[in-house]
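Note that ligands are numbered from 1 as they come in the structure, with each ligand's atoms numbered from 1 the same way.
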Amino acid sequence: MEQTIEKATSVEALLQKRPLIISGPCSAETEEQVVNTAVRLAATGKVDILRAGIWKPRTRPGSFEGIGTKGLPWLQQARKESGLPVAVEVATAKQVEDALHFGVDVLWIGARTTVNPFSVQDVADALRGVDVPVLIKNPINPDIELWIGAMERVQKAGIKNVGLIHRGFSSYGNTEYRNAPMWHLAIEMKRRYPGVLLINDPSHICGRRDILQDVAQTAIDLDFDGLIIESHIDPDNAWSDAKQQITPEQLGELVGNIRWRSEDIASEEYHIALEKLRQQINNLDDELMQVLSQRMKVAEKIGQYKKENNITILQTNRWNAILERAFVKGEKQGLSKEFVTKYFDAVHMESINHQNKIMNA
Ligand code: PEP
Ligand code: MN
């Protein structure tokens, strides 16, 4: 009994550490693999908590769905040999019970669970009366209300130590990322819940190794509290998420390469310089709004003209011509095609709405 209390307190203290680094395999596969990964991670001196998936929610059936409860004693062994506390994903009440029975130190709720309030409630109910930290991954779809809802369900069950993991959001089609980071959503969570631990999961955002460092750096530049990154003793032959895993030593290097910045530094000179640049940004934003408002007024005039001549609002040829022109100009100005597309889509929609008002007035 006493031992449980002692363990919980020290893990709680550990979760206050900044940056907090969690690493370990996507899935526990064999005892040897888990223990070796843990020992090699501990040897880098850069890792605070070992992660390992025991139950794996896979998108399609037929792939490795996790070793199950028999892997939990391996985690105990890994903790004993490496000194690292262990974190496991849970998605059902039974999994919560099993994980707690084997003394797992930290639980996390996966992205495929956060989307489903029934599942989250099931997990939350199993956590009632338990003192264990719980990290909640964002849902797979870009809906922060679901993310918040999951956090509230867990908090209402009496869990005091909750944290958030930003692992990106799925989207249709091939993109640079496995899960689009949509950083603004994580930033919004940080704004709404400034005191809540927020860590970034570059592995599931990237889905590949070559951009892990960049995404990790971006997260740290955005003042995230830490990182969770998958690592494996033999990444290429991992039973799940092989493409995104790196060796424990590479993980150590990646963390070592990060440029740490302080959120605030005392230097007055720095504050003044920053304030000036921020003022410039404000001015430019004001100008952009003015220009956009002028653009809408011109669109309204066109709307008036179309109304008088009874022409449809949408002229596909004209729209294509606008986009073609914008891509060429945008590229010259250093604006990505992705941004130009999104920007013109938004401007175009707003334009149509303005014209619609005129035409149906
Ligand atoms: C994982 O961490 O291995 C995992 C399944 O992640 P996610 O829930 O983010 O897909
Ligand atoms: Mn994974």
For a quick check under 3.5 Å, do [X] and [Y] share a side-chain donor-acceptor pair by atom type?
{"X": "D221", "Y": "Q217", "answer": "yes"}
{"X": "S240", "Y": "S27", "answer": "yes"}
{"X": "D286", "Y": "Q290", "answer": "no"}

For this session: State plainly whether the residues R153 and D125 are in salt-bridge range, i.e. N to O under 4.0 Å.
Result: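 No.
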
Exercise. Ion pair present between E145 and R192, side-chain N to carboxylate O less than 4.0 angstrom?
Worked result: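 Yes.
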
Exercise. Evaluating non-hydrogen atoms only, which member of E89, K56, Q244, H166 is closest to atom 3 (O) of ligand 1?
Worked result: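 Going through E89, K56, Q244, H166 one by one, K56 has the nearest heavy atom to atom 3 (O) of ligand 1.
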
For this session: Would you mind finding which of R112, R51, Q245 brings a heavy atom closest to atom 2 (O) of ligand 1?
Result: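 Among R112, R51, Q245, the closest heavy atom to atom 2 (O) of ligand 1 comes from R51.
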
Heavy-atom contacts with [X] under 4.0 Å: which atoms of ligand 1 show up? List them by number with element.
{"X": "E230", "answer": "1 (C), 3 (O)"}
{"X": "G110", "answer": "8 (O)"}
{"X": "W108", "answer": "2 (O)"}
{"X": "C26", "answer": "3 (O)"}

Heavy-atom nearest neighbour in the protein, as seen from [atom], with distance rounded to 0.1 Å:
{"atom": "atom 4 (C) of ligand 1", "result": "H204 NE2, 3.5 Å"}
{"atom": "atom 9 (O) of ligand 1", "result": "R167 NE, 2.6 Å"}
{"atom": "atom 6 (O) of ligand 1", "result": "K137 NZ, 2.9 Å"}
{"atom": "atom 8 (O) of ligand 1", "result": "A111 N, 2.9 Å"}

Problem set entry | Ring geometry between F344 and W319 (parallel below 30°, tilted from 30 to 60°, perpendicular above 60°) |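 It falls in the tilted class, 30° to 60°.
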
Exercise. Are more than 12 heavy atoms from other residues, nucleotides or ligands located less than 6.0 Å from atom CG of N283?
Worked result: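 Check passes, neighbour count above 12.
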
For this session: Go through D122 and K94 one step at a time and tell me if the salt bridge (Lys or Arg N to Asp or Glu O under 4.0 Å) criterion holds.
Result: CA-CA 9 Å; D122 187 39; K94 174 81 170 69; over 6 Å; no

Problem set entry | Residue D241 atom name (nearest to the Mn ion (ligand 2); N/O/S) |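 The Mn ion (ligand 2) is closest to the D241 atom OD2, counting only N, O or S.
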
Exercise. Can you name the N/O/S atom of E230 that is nearest the Mn ion (ligand 2)?
Worked result: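 Atom name of the closest N, O or S in E230: OE2.
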
Scan the side chains in residues 330-342 for donor-acceptor partners under 3.5 Å anywhere in the protein, sequence neighbours excluded, and list what turns up.
| unit_1 | atom_1 | unit_2 | atom_2 | d |
| --- | --- | --- | --- | --- |
| S336 | OG | F339 | N | 3.1 |
| E338 | OE2 | K342 | NZ | 3.4 |
| T341 | OG1 | K337 | O | 2.6 |

Exercise. Where the Mn ion (ligand 2) is the corner point, what angle links SG of C26 with NE2 of H204, to 10°?
Worked result: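 Vertex the Mn ion (ligand 2), arms to SG of C26 and NE2 of H204: 170°.
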
